[in-house]
Number of protein chains: 2
Amino acid sequence: MSLISPIPVRLKEARTRKELTQQQLGELLGLEPNNASARMNQYERGKHTPDFDTLKRLADILEVPVAYFYCEDKLEAAIVEAVHRLGPEQKLALLAFIETLKS
Amino acid sequence: MSLISPIPVRLKEARTRKELTQQQLGELLGLEPNNASARMNQYERGKHTPDFDTLKRLADILEVPVAYFYCEDKLEAAIVEAVHRLGPEQKLALLAFIETLKS
DNA sequence: AAGGTATACTAAGGATTTCTTAGTAAGCAA
DNA sequence: TTGCTTACTAAGAAATCCTTAGTATACCTT
């Protein structure tokens, strides 16, 4: 991996917002208390990448969509997070609004 | 991995829209012509998961953001894609609009 | 200062996953 | 049928992650 993923930055952002330690988040994930801290730290430092299953459970605990972890810019991350809390009709309204912005 | 990721569905969606074969997309990625088809098929069938570097290059070729591959619902995928084409001021305007939708 | 605790972080090898190789299968056109 | 295209797959080699066993730093408390 020559390019680094946005996961480390987004993960730290969402974890600290919830005021959780790496150890605590790892245990909420269901990791062994023995290695919860080590694994979470490896993810947050970009040493290793969590698989989709792990990412999905992290997203649920941190109340963000999985796509949030892959947003490369902060503004886009904020939008993806906000969109995720909308219902289907609101999402349709949003798509219509974006069309008006394009011109 | 017990839960399957949205990557296979999103990848096929974006590839067919560009009217590319798995072989062609693999070669555009810079894979060896020998195994371009095999690897792209493994990604698209969910047999294996591409790393971030690969996902980023795929995103650039297919003109979608990396986050698009992780959108679990079609409407969210469409929004993420549309948002990616906006400039910074437009993104700010969009965030403001989402605030008005919440009530 | 010394000892204890909390949090973040890391090396290294065993465990697991991906990538490469070498193909098969299905559809279609000549 | 034959040839060509596209999609797809098994299996071993190669790369990555997970577990273990710690270290480092900061901050209390005595």
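All values derive from a computational prediction rather than experimental measurement.
An OP1 or OP2 oxygen of D:dA7 is reached within less than 4.0 angstrom by no side-chain nitrogen or oxygen of B:Gln23. OP1 or OP2 of D:dC17 has not a single side-chain nitrogen or oxygen of A:Arg39 nearer than 4.0 Å. Dashed line: the shortest gap from a side-chain N or O of B:Tyr43 to OP1 or OP2 of C:dC19 is under 4.0 Å. Between A:Gln42 and D:dC18 there is no side-chain N or O to OP1 or OP2 distance below 4.0 Å. In terms of phosphate contacts, B:Arg15 brings a side-chain nitrogen or oxygen within less than 4.0 Å of OP1 or OP2 of D:dA7.
Closest approach to the A:Arg45 side chain among D:dA7, C:dT7, C:dT10 is made by C:dT10 (side chain taken as heavy atoms from C-beta onward).
Rounded to whole Å, the distance from NZ on A:Lys47 to P on C:dA12 is 9 Å. Spacing between atom CG of B:Asn34 and atom C1' of D:dT9 amounts to 16 Å, rounded to whole angstrom units. The CE atom of B:Met40 sits 13 Å away from the C1' atom of D:dC8 (whole-angstrom rounding). C:dT21 atom C1' lies 12 Å from atom CD of B:Glu32, rounded to whole Å. One interatomic measurement links the two molecules: CG of A:Asp51 to P of D:dT16, which rounds to 16 Å at whole-angstrom precision. A:His48 places its NE2 atom 10 Å from the C1' atom of C:dA11, with the value rounded to the nearest Å. Atom CD of B:Glu27 and atom P of D:dT6 are 11 Å apart (whole Å). When the P atom of C:dT16 is taken as reference, atom CG of A:Asn35 falls 13 Å away, rounded to whole Å.
With B:Glu27 contributing its side chain and B:Gln24 its backbone, the two residues share no donor-acceptor pair below 3.5 Å.
Salt bridge annotation for B:Arg15-B:Glu19: absent, with no cationic side-chain nitrogen under 4.0 angstrom from a carboxylate oxygen. A salt bridge is defined here as a Lys NZ or Arg NE, NH1 or NH2 lying under 4.0 Å from an Asp or Glu carboxylate O, and B:Lys74 with B:Glu13 meets this definition. Using a 4.0 Å cut-off between charged nitrogen and carboxylate oxygen, B:Arg10 and B:Glu44 do not count as a salt-bridge pair.
Side chain A:Thr49 to base D:dC17: no donor-acceptor pair is found below 3.5 Å.
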